[in-house]
Amino acid sequence: MNAIVTYSEAGAALAQKLVEQGFAADLYTPSTVEVHGAAALAEQLFAKYSAIVYIGSLGICVRAIAPSLRSKKSDPAIVNIDVNGRYVQPVISGHVGGANDLAQELARLLGATPILTTVSDTTERWSLDMFPKQFGWMLEPTRNLTHLMAAFVNGKPTVLLLEVRDEGTLMLENSLPNNVTVFYNHSEIEIAKYEVVIAVTPFVRDLGERVLCFRPKVLHLGTGSQKGISSAPYAQQVEQLLLENGLSPLSIASIGSVDIKKEEQAFIDFADSRHVPFATFTKEVLSAYDVPNPSERVESEVGCSSVSEAVAMHLSKNSLLLGKVKAEVDGKHFTLSVAIDRRFERKGFVEIVGAGPGDPKLVTVRGKELLQVADLILYAGSLVPKELTYYAKKGCLVRSSADMDLQQQVDLMEEYYRKGLLIVRLHTGDPCIYGAIQEQMSLMDQRGMSYRITPGVSSFQAAAAALQSQFTIPEEVQTIILTRGEGRTPVPEREQLRNLARSQSTMCIYLSASLAGKIEQELLEHYSPETPVAVCYKLTWKEEKIYRCTLSTLEQTVKENNLSMTTLIVVGKAIDNRQGESKLYDRNFSHAFRK
């Protein structure tokens, strides 16, 4: 909950402006302040709100809140704005309380200048205390937190240990301050050389006393037990077993068991105490796993040869970090197994990245970040501009796949994968649209290789932008068809262009410039000869050319301009259309955000 406190009529008007622009807050006007007194009102507001915005001079704000200040861990975020709305400044609880973020949000609403004075912001170094909120990590308690953060932002030699790979570590790798050296193997670090150690890891390591350990939630626990096991001793034993095996309880992401244990209170209580989900699975699901330690007894009693190991493998989609461990609580037995989430394990990984339509600036932010840290970039050289590979770090191998067959491509990726390295497979546009990734994923599945897809901007979207056209028309054209003509690759009868043309939708035809005559003939069965057409060559590339014509002159346009590869044909009356209005912005049309 937010509050705005004002001391003048001008301040009240500015407060009202913020509320009208979407900032949800309770308003406290000059008359309210006068009745209660600034300091007494502040005491009340501190107990009620998570953020308080003062509009007026900074001095008045400071005097009002000073008697109420307790701790940056509990005080609300305080932000001050001058009465003219030109400057927005966090006063207290900048990072932990969120005042810095709030100040920037308010500055955007007002078109004002945010004034951030915390050292990490002025030196452009990481805000270490914000990592848990930013990335969902847990910070292991340490008495040296303030000292270590100060040493880091003051540029003292710092080592960064990364033993998982997620969005947070990707950001860190792409924004290393000059006082930070990154390692991926703890045994290679000479701790004595550094004054600060920052570790992002689920593993318990001996990294000395000058360490900030961030625990990503990546560990999945499988468990089984006799009925009615006691909750508190069970939780204590599980945490002890994890620590004994070098795993941090702060990194638990989930816990699971077989479905007949779905009401086992100890498991439910453990999940609740850790704020993680508790899931159960049928014996049929668990029977699918080939576990290291099958049990005939479990098979006879439950119907599958494993509970804890199979559950951990199922939750993590990975092999085990910790095989079945047997333990006892108050005379009753339980088992525990642990696996790390396959998506975040720092070992070989393939990221299939959509390069966008061509312009290196149109790759997604995540795509660019991955290109900057990849160890191998394998790009579709006949379709992807080479400039996109210039994001590569030093030492990265960059290879074009234009002259490689499927087997050669996957063999090269596997070579780097087995070394525990990161591979970016760079495809044009969005890799899921005519990207030829299905067969690659099939082979990677067979070889047990982990991968993920980062989507990209497709050329049909780039075409709409280049044509300054909305590819739909309110109440007239509401469908966009992405398709291709039939050449050497067959097209099902139901998807033949002559059949799709019946809808007279906006049609985006890929990979078909050499079939222009056939396309023209088939589409004329349902579209009029005057239907607008845009023939788009190398959209967003330096060589981009766009030819406008009608459907009846499509073949002629393609032949006259010698177009073949990297050409998208767009057909439909939506091209260059400026007629028709949507209901979205009609003043007579109400919805959830506008009455």
Side-chain angles (χ1 to χ4, degrees), residues 1-19 21-110 112-122 127-134 139 141-150 153:
M1 296 177 63
N2 306 313
I4 302 179
V5 180
T6 65
Y7 297 101
S8 66
E9 293 304 318
L14 185 60
Q16 189 61 45
K17 180 180 177 181
L18 284 170
V19 171
Q21 292 183 356
F23 181 64
D26 295 332
L27 303 185
Y28 290 85
T29 60
S31 59
T32 306
V33 177
E34 186 175 345
V35 169
H36 293 275
L41 178 61
E43 189 74 31
Q44 297 175 35
L45 301 185
F46 267 53
K48 185 176 180 181
Y49 295 97
S50 58
I52 307 170
V53 178
Y54 284 86
I55 299 180
S57 76
L58 180 59
I60 295 175
C61 168
V62 171
R63 291 182 186 279
I65 66 174
S68 301
L69 297 179
R70 300 292 183 271
S71 166
K72 68 178 183 179
K73 295 181 180 179
S74 59
D75 291 337
I78 303 294
V79 172
N80 191 78
I81 306 175
D82 69 285
V83 74
N84 296 309
R86 296 176 59 189
Y87 302 103
V88 185
Q89 183 169 5
V91 182
I92 61 166
S93 300
H95 285 153
V96 176
N100 284 11
D101 290 340
L102 178 58
Q104 294 181 83
E105 177 189 347
L106 293 170
R108 288 190 290 269
L109 288 175
L110 296 172
T113 301
I115 302 175
L116 307 183
T117 58
T118 42
V119 178
S120 59
D121 293 291
T122 57
S127 301
L128 299 178
D129 52 348
M130 292 299 289
F131 283 1
K133 182 178 178 181
Q134 281 180 277
L139 174 60
T142 173
R143 291 175 296 176
N144 298 325
L145 177 61
T146 303
H147 171 75
L148 292 172
M149 287 175 55
V153 298

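The structure presented is a predicted model; accordingly, all values stated were derived computationally and were not measured. All residue numbers in this chain count up from 1 along the given sequence.
- In this structure Asn144 satisfies the side chain to side chain donor-acceptor pair (under 3.5 Å) test with no other residue, sequence neighbours excluded.
- The two atoms that bring Leu109 and Gln21 nearest to each other are O-OE1, 2.6 Å, heavy atoms only.
- Two residues are said to be in side-chain contact when any heavy atoms from C-beta on lie closer than 4.5 Å; Phe131 and Leu139 fail this criterion.
- Applying the salt bridge (Lys or Arg N to Asp or Glu O under 4.0 Å) rule to Arg143 yields no partners; only residues at least two apart in sequence or on another chain are considered.
- Within the 4.5 Å cutoff, the side chain of Ile115 has heavy atoms near those of the Thr117 side chain.
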Without placing hydrogens or testing angles, list every side-chain donor-acceptor pair under 3.5 Å for residues 49-61, not counting sequence neighbours.
unit_1 : atom_1 : unit_2 : atom_2 : d
Tyr49  : OH     : Asp26  : OD2    : 2.7
Tyr49  : OH     : Tyr28  : OH     : 2.7
Ser50  : OG     : Met1   : N      : 3.2
Ser50  : OG     : Met1   : O      : 3.1
Ser57  : OG     : Ile60  : N      : 3.2

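- In this structure, the side chains of Val88 and Thr113 stay at 4.5 Å or more apart for every pair of heavy atoms.
- Taking each heavy atom of Leu116 and Pro90 in turn, the nearest pair found is CD2-CG, 3.4 Å.
- Closest non-hydrogen pair, Glu43 versus Pro67, comes out as OE1-O, 4.3 Å.
- By the side chain to side chain donor-acceptor pair (under 3.5 Å) test, Thr146 pairs with no residue at all, sequence neighbours left out.
- A distance of 9.5 Å separates CD in Gln134 from CG in Asp129, rounded to the nearest 0.5 Å.
- Annotation: the span from Thr29 atom OG1 to Leu27 atom CG amounts to 8.5 Å, rounded to 0.5 Å.
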Could you list the donor-acceptor pairs under 3.5 angstrom formed between side-chain atoms of residues 8-17 and any protein atom two or more places apart in sequence or on another chain?
unit_1 : atom_1 : unit_2 : atom_2 : d
Ser8   : OG     : Gly11  : N      : 3.0

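- Here the CZ atom belonging to Phe46 is positioned 8.5 Å from the CZ atom belonging to Arg70, to the nearest 0.5 angstrom.
- Here the options are Asp101, Leu18, Ile4, the test is side-chain contact (heavy atoms from CB on, under 4.5 Å), and the partner is Leu106; only Leu18 passes.
- Of all non-hydrogen atoms in Ala42 and Ala64, the two that sit nearest each other are CB-O, 3.4 Å.
- Rounding to the nearest 0.5 Å gives a distance of 7.5 Å between CE of Met130 and CG of Asn100.
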Check step by step if side-chain contact (heavy atoms from CB on, under 4.5 Å) holds for Phe23 and Leu102. CA-CA 10 Å; Phe23 181 64; Leu102 178 58; 3.6 Å; yes
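- Among all heavy-atom pairs drawn from Ala103 and Pro114, the shortest one is O-CB, 4.4 Å.
- Atom CD of Glu34 is surrounded by 12 or fewer heavy atoms from other residues, nucleotides or ligands within 6.0 Å.
- Between Tyr7 and Val83, every side-chain heavy-atom pair lies at or beyond the 4.5 Å cut-off.
- Counting only residues at least two apart or on different chains, no side chain to side chain donor-acceptor pair (under 3.5 Å) pair has a member in residues 75-84.
- Side-chain contact check for Val79 versus Gln89: every heavy-atom pair is 4.5 Å or farther apart.
- Taking the side chain as every heavy atom from C-beta outward, Leu128 and Leu145 never approach each other to under 4.5 Å.
- Side-chain contact between Thr6 and Pro30 is present, with at least one heavy-atom pair separated by less than 4.5 Å.
- Between His36 and Thr32 the shortest side-chain heavy-atom distance falls below 4.5 Å.
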